[in-house]
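Input: a single structure, listed below in C-alpha cells.
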Amino acid sequence: MTKYRVNKTKHVDQTKIVSFNFDGKSYHGFEGDTLASALLSNGVHLVGRSFKYHRPRGIMSSGSEEPNAICQINEDTDLTEPNVRATEIELYEGLKASSQNCWPSVNFDIGGINNFISPFIPAGFYYKTFMWPKSFWKKIYEPLIRWSAGLGKSPTKPDPELYDHKHVHCDVLIIGGGISGIIASKIAAKNNLKTILIEDKNILGGSTIFQKNENYKINDKYSGEWIDEEIAELKKLDNLTIKTRTSLAAYHSYNYLLAKENISDHLPLVKRNGGIRQRLWKIRADKVIVATGAIERPLVFNNNDRPGIMLSNSVKKYLDFYGVSCGFKNIIFTNNDSAYETAVSLKEKGISVEMIDIRKKSNSKIVKNAEQLGVKIYWNSTVVNTFGLRKIYSIEIMNLSEDGSNVVGNKIRINCDCLAISGGWTPMVHMHTQSGGKLDFREIDQTFIPNEIDKNHINVGSCNGDFELEEIINNTNKKVKNFLKVSETEFDNTSVINSKELNKRNIWLLPNYISEGKCKSFIDFQNDSTAKDIKLALREGFKSIEHVKRYTTTGMATDQGKLSNMHALGIIADTAGVKMGTLGTTTFRPPFTPLTFGSIVGRSVGNFFDIIRKTSINEWHIQNKAKFENVGQWKRPWYYPINNEGLHEAVQRESKAARDSAGILDASTLGKIDIQGTDASEFLNRVYTNAWSKLGIGKCRYGLMLNEDGMVYDDGVTTRLGENHYLMTTTTGGAANVLSKLEDYLQTEWPELDVYLTSVTDHYSTASICGPNSKKILKKIFPDKDFSDDAFPHMSYQNGKIDEINCRIMRISFTGELSYEINIESKYGKSLWEKCIEAGKEFKITPYGTETMHLLRAEKGFIIVGQDTDGTMTPIDLQMDWIVSKKKYDFIGKRSLYRSDTIREDRKQLVGLLTDDPNEVLEEGAQIVSDMSKKPIEMIGHVTSSYFSPNLNKSIALAVVKSGKKMSGQKLIVPMENKNINVTVSDSVFLDRENKRINA
Amino acid sequence: MFLINCPYCGERDQSEFSCGGEAHIVRPKQPTELSDDQWAEYLFMRKNIKGVQFERWNHAHGCRKWFNMVRDTSNDKIHGVYKMGEKPPVE
Ligand SMILES: [Zn+2]
C-alpha cells in the first residue's frame, strides 16, 4: 500500500493489484480505482498543462466535470482514444495513459513560456494577435496553435471494435442512480411501471454511498448504510432494468433520449475479444425523471489552478470511497457547510485539516462537529495567493471587509499540500434544458433551477435544487408520487436527521490586495480563461453571455463549462451591475459528455453503410467483368472492358457496336410506376408538359415533368397498357422522388382524381436492345411475332411470351437507334438477358454500360436529366419547346414558363459545341467564355456532357450557354489550366437529324 | 425527435416522416389568369413563423399518406394532426 492509501473501503479491493502506466512510468492501483484515484494514491497530482499558458495542472475533481486530467489512452494501438478523463476511466490491468497537453513532458515544456508572456495573451487573443500579416496565418500561426494546444491524437487505423444500437420503450426512465434516483426507481417499479434506471458510474448510490456521518441519518442509520439496503432491494425488482456504466448523451423532445453504455471499456485490452464495445440506447420513455445531481463549484481567486487544488467533495470521495488521501496537510476553503463534511471525514482519520470560510460564522451541527474535533477555522477569510509550481505547498490568506468587496488586515501564510475548495453547488440542469425546459434563478444560493411545465418529465434531488438530505428524500417522494399518480409509498414516513445550513455567503470573484490585472483567477481551467478576460470582454463592449463566452472561450472546452459557466455569469452580473437571474444562461447542447463516433454510427459501417441495390442481371455483369458505377443506391454496369481496355477504349468499341450492329443495356434500374384509375389520362395531362388524352392503347410517349417553378424535374417514356392503365418510367435516380411528388399532388391537390400509383421498379427487369440488327434479334426471340414497321411501329408496345413467361415488348429508343425493350418479371431477368445475348451472338451483340448510353444520347442531343439539367433549366432553355403543349390549359409548372425570369432571352440555354480540333475532348464542367480581353472574364456557360464520338469520328459536347440559342456558328473559348480551347456553337443534335435510324 | 400521431397508423417515430412545409396553400385553379406577383405569392412565399404553424407531413416510410399537423415551432409542441381536407383541430 502506498502512503496516500490511508483507508480501507469496500469499493476498492486492496487485495487485487492492478498495474498501469502513466506518462511512461509504471504504477500500481487496485481493482475499483479510477485512473485518477490510482494516480492520487501514488501521490501524482500533476497530470497536464493548461491550454493557453501551459501552466501545470492537477486532478481537480472525481467526475465528468474534470477539466484538467484529460488523457490519451492506449497510444500506439488501434484502440487509442484522446480526450478521456482520468476521473472516469476505471483502472484495468495494462492501461496505458499519457497527459495530452504537455509536450515534451509534463514536468518541463516549451509552451510554459506562454505563462510569462501572458500579459500579451488577453481575451480574444486568437482574434487579435493572429490577424496579420495574413501570410503568416497558414504557415506559422495555425501550425503553432495546433501544435502547442495538444488536443490529442485520433487513431490512424480503422476501429477494430463493434458498436451497437438498441431501441427501447419504457413507462419511466430515471436518469441518475443517486439517492433521489433510487427512491424514484423504487416507487416506479413497485407500482407496475416498466422502469429503466441509468447510471454513468459502475455502481449505484451517488455520493450518499460513502456517507458515514452522525449528522446525516435516515431511519437511524448512516445514510450510506441506508442506501446500501435500498440498492439491495432495488436489484430484486422485476419491473426495473438497471443500466450502470451508461451515461445520458442527449434528451430530445417527446422524451426521446440517447444513452451510451460502456460494455468493455473497463476491461483489459486482452479480454475484449472483439465483442461489443459500446451500445447506444435509443429510449422513448412515457415519463422521465431526471436525478442527475449537482456539481460542486470551485472558488475564483488568484492562482486557483495549481496541482493539489481540488474540489472539496472530490477530496472526500477519494478518501471515503477510494481510501486515498489527497494530502496530509489539508486546507479547505469554502463558502458553505458541505465542505465541513470533508473536514470531519479527514479529521476522523487523523489527517490534518484546517478551514478557511468566507462566511462570518456558522453554528450548524456539522460546523460544530468539526470544531469539536479540533479543526481550526479561519472565519471571514479568503485565499489571496497560492504557491508551488508542480504542486501547491503554501497559501496566503487575508480577512474580508464587511461587504466582502475587499481584503483587510495582514496576510497570513499557511503551508499545505492540498487545498480543497467549495463554492457551493450547481444543479445539473443540462438534461432539463436539453429537453426544452426553462430555468428560474434562485437568489438565496445563486442557482438556476428547473422550471417545470412539461407534464411528462420532472427533476428530483439536487439537480432540482434540493441540497439537504431531508429535502431530497421528502421532496423526491412527494414529487414522484404526484408524477406517477401513486397514493402511498414506503418513503412516506422516513425519519431524517441532517445538519441544516444556516448561513450563506457568495462572492463570485474573491477580492485581493494584488491588482486585478496581475491576478490569475481562473474560471475555465481547460480553456485557460480568467476573470480578467471576462472583464476585458465587457469593457470591449460585449454584453450578451453568448458573445462573452465565445470571445473569451469560457465554457467552450470539452467539459462544456460544467465548472465555469456560473462564475462567468456571476462575474458578468457583478461587473455590469445587473441581477444574475436576468442574464439567462448559455445554451446547454447535447451531448452532455462526449460520444464516440463508433457509438453514433453503430453497425452502419463497411458494407452496411448504405443499402446496395442490384438488378437480377447483376451476376452476369460481374461474370462478364463489368466495371460498376453507383447511381443512387444502384450498382449499374459502367462499361465492360475486354482484355486490358480502359474506359475510353471500351466505350468507343461499345458505342460503335451499338450503332453498327447491336448493343444491349440493362435498363432495370429505371423507375417504373404503375398508374391505374379512370382519371389516369387526365392525371398524366396534369403532370407532363405534353398531351396524353389521345395516346392510343398500346402506344408509348416520351414525357417531360417539371416542378411548379417550371424547371425540368424528370423525364421518361410512359406506355398506355389499357384504357385506364399506364406504366410510367422515370430516371434511375429520380424514381422515389417522382413517386412521392405524384402522390403529393394526388392526395393534396387533386383528391377528386381516381388514380392509384404503385412503384414496380423492382418487379420487372428490363433488357434494352438497340442497333440496326435489333429487329432480327427480337425476331429470333419471338419467332411468332410480326416485327414489321406497320405491325409493330416505333413508340408502341405488345405483349409477348418467352417459354410461356409473359413479357412486354416496347419499341422505344434511348439512343436514336432502332431499338426494343423487353420487360419481364424480375426473377426471369437473368435468363431473359442470357437469351438475348445468345440470340444476338451472330450479330456480335455488345453489352454496354452507362457511359456508352450517355455518349449515344449525347450524339443525338438527348438530355440526361441531372447531367445536362441542374434544376435551373426550363424545357425552353433545353430547346425542347416541341414537348410543351400550347393547348393544355394547365400542367405542373406551366404558369412559371412565362414568368418574367423564365422568359429572359439571356438565360443559359442548351447548345452543342464542336471543338476546332476534332480530337480535342472538352472536360465536363469546364467554363465557357466569349471575351477574354475584359477582366474579370465573364463566364457565360459550362460544358455538361462531352465525348469523343466514334460514330462521327470527332469530339462532341453539350453545354449550357447564356443566349446560346442565338449563337449558332459563333466562336467561343473554353479556357483550361494550360491552354485555351476554341469551340464553335452548333446544333445540339450531332447525328441523324432526320431520325432515319429509328426505322432503319 | 418527435413522436407523431399519424392519423392512419398512430404514434410513430419522426424518422418515418418527412415534412412538406406550410399547409393550406392551395394550388390556384386557374394559374394562367394570375399575374406574376400572384403566382410568385403561391410559388415562393411562406410564412415560416416562430410559434404555432400549420404544416404538411408525409408518412413517407409508413402508409405514404399526407396529412396536416399543428406544431409550435418555438418549442416543438404538436397541438394536433388532421387529415387532408379536414378542418384544423385548433385555431
Ligand atoms: Zn401512417
Side-chain angles (χ1 to χ4, degrees), chain A residues 167 169 250-258 282-286 434-438 453-456 590 686 707-711 736-737 739-752 756-759 886-903, chain B residues 1-5 7-8 11-45 54-68 71-78 82-86:
Chain A
H167 292 262
H169 294 257
Y251 187 167
H252 297 295
S253 48
Y254 293 82
N255 282 351
Y256 180 75
L257 302 98
L258 299 177
K282 301 179 168 187
I283 308 165
R284 183 75 77 171
D286 193 32
Q434 271 189 29
S435 78
K438 300 279 177 261
I453 41 163
D454 182 349
K455 61 186 194 311
N456 292 320
R686 296 186 190 187
N707 263 331
E708 205 67 273
D709 61 7
M711 304 303 155
N737 292 335
L739 180 69
S740 86
K741 176 185 158 96
L742 297 184
E743 276 287 355
D744 186 354
Y745 274 93
L746 265 184
Q747 290 180 32
T748 64
E749 298 294 349
W750 308 321
E752 71 280 4
Y756 299 89
L757 307 175
T758 311
S759 166
K886 301 273 184 307
K887 288 184 193 147
K888 280 202 293 180
Y889 181 71
D890 192 15
F891 55 82
I892 297 171
K894 177 178 169 108
R895 174 61 186 83
S896 291
L897 294 180
Y898 53 93
R899 286 180 54 236
S900 58
D901 185 56
T902 44
I903 55 173
Chain B
M1 190 78 87
F2 313 153
L3 195 59
I4 297 174
N5 192 8
Y8 303 91
E11 284 189 335
R12 294 288 194 282
D13 196 273
Q14 185 188 341
S15 57
E16 294 183 15
F17 297 84
S18 60
C19 180
E22 194 179 326
H24 303 295
I25 296 174
V26 181
R27 188 175 188 273
K29 286 273 175 273
Q30 294 167 321
T32 47
E33 286 163 30
L34 301 182
S35 68
D36 269 13
D37 285 352
Q38 286 168 321
W39 179 246
E41 185 69 30
Y42 158 74
L43 195 56
F44 301 122
M45 304 313 281
F54 298 81
E55 297 172 337
R56 292 153 20 92
W57 283 77
N58 182 222
H59 195 180
H61 301 284
C63 63
R64 273 177 38 196
K65 285 283 193 187
W66 283 88
F67 59 91
N68 292 320
R71 181 174 68 104
D72 190 326
T73 58
S74 68
N75 59 16
D76 286 338
K77 290 278 170 289
I78 296 171
Y82 53 105
K83 294 177 181 175
M84 284 294 161
E86 288 180 356

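A note on names: the letters A, B, ... follow the listed sequences, proteins ahead of strands, and every chain is numbered from 1.
For the atom pair L3(B) CG and N456(A) CG, the distance stands at 10.5 Å (nearest 0.5 Å). Between atom OG1 of residue T748(A) and atom CZ of residue R27(B) there is a gap of 10.5 Å, rounded to the nearest 0.5 Å. The structure places CZ of R56(B) at 9.5 Å from CD of Q747(A), a figure rounded to the nearest 0.5 Å. The CG atom of L43(B) sits 10.0 Å away from the CZ atom of R895(A) when rounded to the nearest 0.5 Å. Note that OG of S740(A) is 6.5 Å distant from CG of N58(B), once rounded to the nearest 0.5 Å.
For chain B, the nearby part of Y745(A) is the side chain; its heavy atoms alone come within less than 4.5 Å. I4(B) does not touch chain A: none of its heavy atoms, backbone or side chain, sits under 4.5 Å away. Contacts between D890(A) and chain B at a heavy-atom distance below 4.5 Å involve the side chain alone, from C-beta outward. Contact of F891(A) with chain B is made through the backbone alone, with heavy-atom distances under 4.5 Å. With a 4.5 Å cut-off on non-hydrogen atoms, M1(B) touches chain A through its backbone and its side chain both.
Of the listed residues (I78(B), N75(B), N68(B)), the greatest number of heavy-atom pairs within a distance under 4.5 Å of chain A belongs to I78(B). Highest contact tally toward chain A, considering only A23(B), P28(B), P31(B), is held by P31(B) [criterion: heavy-atom pairs under 4.5 Å].
Considering only heavy atoms from C-beta on, Q30(B) comes within 4.5 Å of Y889(A) through its side chain. In this structure, the side chains of W66(B) and D744(A) come closer than 4.5 Å at one or more pairs of heavy atoms. Proximity of E708(A) to Y42(B): side-chain heavy atoms (C-beta onward) are separated by under 4.5 Å at one or more points.
Counting only distance, with no hydrogens or angles, the side chain of E743(A) and the backbone of R64(B) share no donor-acceptor pair below 3.5 Å.
When all heavy atoms of D76(B) and Y254(A) are compared, the pair lying nearest together is O-OH, 2.8 Å.
Surrounding NZ of K438(A) are at most 12 heavy atoms belonging to other residues, nucleotides or ligands under 6.0 Å away.
Proximity to chain A at a heavy-atom threshold of 4.5 Å picks out E33(B), L34(B), S35(B), D36(B), W39(B) from residues 33-40 of chain B, in numerical order.
Here H252(A) pairs with nothing under the side-chain hydrogen bond (donor to acceptor under 3.5 Å, both in side chains) rule; sequence neighbours left out.
Contact check on D13(B) versus K282(A) returns no salt bridge, with no Lys/Arg side-chain nitrogen under 4.0 Å from an Asp/Glu carboxylate oxygen.
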